[in-house]
Amino acid sequence: MRNLTTNKYNRCFVTVALLALCLCVANPLTWSQESSESAKTADSDVFWGSMKVSGTLNSTFRYESFDDWDDSDIHEYLSLQFKDIIKDRVDAAFSMMWHEDLNGIDANPAWGDPFLDLDYTSNNRVKYYTGYADIKRLGFEESYLRLGRQYLSEIDHAHFDGATYQFSPSSEWDITLFGGRPVTYYSSTTGDAIFGTNIAYAFSQKLKTAVRYYRYDTEQFCDDLFAAELWWKLTPNVMTHHEVSILDDSPYLWQSDLYARIDSVDVDVNVQIIRMFETIGDHTINFNPAFAFLSGYEPYTYGSIFTTKGLGKYVSLVGGLDVRETDTTTNPVSRDVNRDYFRITAGAEFYPTEQLTLSVNGEFWDVDPQSEEFTGITGEIEYKPSKNWSLAAGVDYGEYMQEFVDELFFNTPAVQVFRISPDVVTYYGRVRWRPTDRIYTAARFEVEDSDYASDHWYSFRLELGVNF
Amino acid sequence: MKSSVYPYTILLLVIITGSMLIGCDEKAGIKNFPHNVHIEQEIACDTCHELEANQVTRPTFETCVACHDVEDDIFANCNQCHEQHNVKVTEESIINHSKLLKSHLPDGWDDVQFAHSKHIENEQETCMGCHSHIKTSDRSSVKNLPTMEEAMAFNDKHGISNDCRVCHTRVTIVTEPASHNSAWLRKHGKMEPFMDKDRCLLCHQEETCTTCHRTELPRSHTNQWRKRTHGIQASFDRSSCLTCHRSDACASCHQTLSPHIPPAGYHTPASNCYACHAPVGGSRQAAPFVKLMPHRMMMGSPPGKCLSCHSF
């Protein structure tokens, strides 16, 4: 990468071509009108005739600069939904991301290139997220069979190539059976399998329960998860959710959530309590707690409360508290990567006029052992001169304070402890323009000033999206 | 930290609780109108509500005094507002409360307009079909109005489009609800267990979650985060990373970038970074960690094995 003049013309050409392509496609009103017109004229079971196409095309151009280096990339995200390919019988969907580095990679990325990230290192330029067809009313009136690449939100957002059959024998029951090959973008899943079921029963509109089981089977590991969930809507504004799970025959997680909305004082409250029971080591990737880098995940208890409050029409406040206590361990490795912490978040938004929003948000972490800390503050001013335009500018400050042992003194009596506290200030500006309900554009400029770097980091991002 | 956690916790809880109790004026209006009493006495809906220009009117004070004496106790609550605004209620004070009520509707409700006449024309439907809660309602409440789900179910039943503009005058598919303020970005993950998928799909598509999570990074993921601090944050709490990432993503990057993980053969399923690089004395080391790998033991490896990764 990145001599400033390298491939300049190619870059410009590709960028302009892609943006032009977006604008051509961005004739969404015509598309949608045609779709809806055709829907109106299609009487019923005509193949293709009743089909409605909708979706999103998002194009993002990103330019970054640091010292004498620069980098240009483009990301294209496309999502398509085909409804009523056969009326009331067959739908389909497809989504993908394409990433292109417009000016190449440095010859020795491990040492020099400051722009490398997951996109580069995975060498995975095209990612297919979904691509499936739904065959509806198969056996039951409320049912569908989904074939292809899909996510299953009920099963911990399982991502796989395979089949799902979801059906409701009655209005109270909702049953899902699924199976296939897991999808990952950074490792092979050849020979792997994931399959299971989710059975939900609604006692009433206020009370619902579900049990789920699934197996993730690979050459090295095989994990079985069994979980039970309960949702209880105590009032329209007070809801709770509870979940317990067993992983590989051992107690795994207990989680309870509460949401309450108190209209009279304009307050929202979220409370969450989690208890993890057993140490989690190397597992299949759905359960692996980044073991290779962070070692085992030790049992902990976590609690959080997060509130938002409106104070009239001019002010709203947010505040939160998170506390985690890890079970005591004498293993220095475990203690080093399984931390106790206390985290405070607080923020305020001010609306002096309908067009203007001022916001301040901050967070503070106090982490044990070694009493490390993180402080982060963001301030932003946003101006919306009309419903189509939004202009914003902000500043973001972050400071990590860490204690280290100087390795040069390793094995000597004089162990040296030193602290680092990198100050990083990021200034940013953002413009959003939504010329129609279907087209949106955004530009963002960012400058990062760090006392670790010899130069500022500059970033510019241009985004054009179409919902059709 | 443990010794300092609890005072902070107590202080913060006090602040949070205190701030929650700072009240805002509840919506004024006729708070205690007992629909149930009127229905029990078999008073027809159109005794008080008239159909006028496709809309059902709200009763005025004049409507009330047509049956009730102005000195009646039932008007006692009126003074909650009238005294506050220094307006004395007398028999002559005929005020059109319908305009007043409109200003006291819950936020957003004045946006909802539709032709009552078309609903009433359909003889299968009665007022109670949509306003079922008033049978037992002893006070004015949003609950007396049909919910959006009920309205949409009605539309489905009668083959009416559920496009926003059928009922809403200002709200469109791109109008964000009040809940979607800046705090929403932070808390929507915590709200996931309570999200009604069907309600989300009113405006969003099934792919929307994926679209956003694939095209927008969290605010914390700055350049400095990528280069330096994400590892620190992961050691604070890895669970937030696992929301989007899996462990193979870490491996993918760190096979190329420093600190890199060794290639297969040295990294076995049962080992990890700490098998060779360990903290000392319970404290962290400046990267790279102190190397505890017994190099001499490794000399027994096949010739050239070390040099496949390392140079002299």
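Quick caveat, the model's predicted, so the values are computed rather than measured.
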Is it the side chain or the backbone of [X] that comes within 4.5 Å of chain B heavy atoms, both, or neither?
X	answer
F66(A)	side chain
N286(A)	both
N270(A)	side chain
F94(A)	neither
F306(A)	side chain
H75(A)	neither
T308(A)	side chain
S304(A)	side chain
S459(A)	neither

Find the one option among [options] whose heavy-atom pairs under 4.5 Å with chain B are most numerous.
options	value
T240(A), T357(A), T378(A)	T240(A)
A346(A), S95(A), P289(A), S54(A)	P289(A)
F287(A), Y428(A), Y302(A)	Y428(A)

Atom pair [atom1]/[atom2] of [X] and [Y] - distance to nearest 0.5 Å:
X	Y	atom1	atom2	result
W184(B)	D268(A)	CH2	CG	9.0 Å
S247(B)	L294(A)	OG	CG	10.0 Å
D248(B)	T184(A)	CG	OG1	5.0 Å
L258(A)	F194(B)	CG	CZ	6.5 Å
M191(B)	M239(A)	CE	CE	5.5 Å
I274(A)	S239(B)	CD1	OG	6.5 Å

Next on the checklist: Go through it in stages, so that I can follow the logic: the residues are Q233(B) and W365(A), the test is side chain to side chain contact (heavy atoms under 4.5 Å, CB included), and I'd like the CA-CA distance, side-chain angles, deciding distance and then a yes or no.
Outcome noted: CA-CA 10 Å; Q233(B) 194 68 44; W365(A) 293 70; 3.1 Å; yes
[Y] backbone acceptor or donor facing [X] side chain under 3.5 Å:
X	Y	answer
R246(B)	Y185(A)	no
R238(B)	A290(A)	no
W231(A)	P193(B)	yes
R339(A)	D237(B)	no

Item to check | Nearest heavy atoms of W457(A) and R226(B), plus distance in Å | outcome: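 The answer is CH2-NH2, 3.2 Å.
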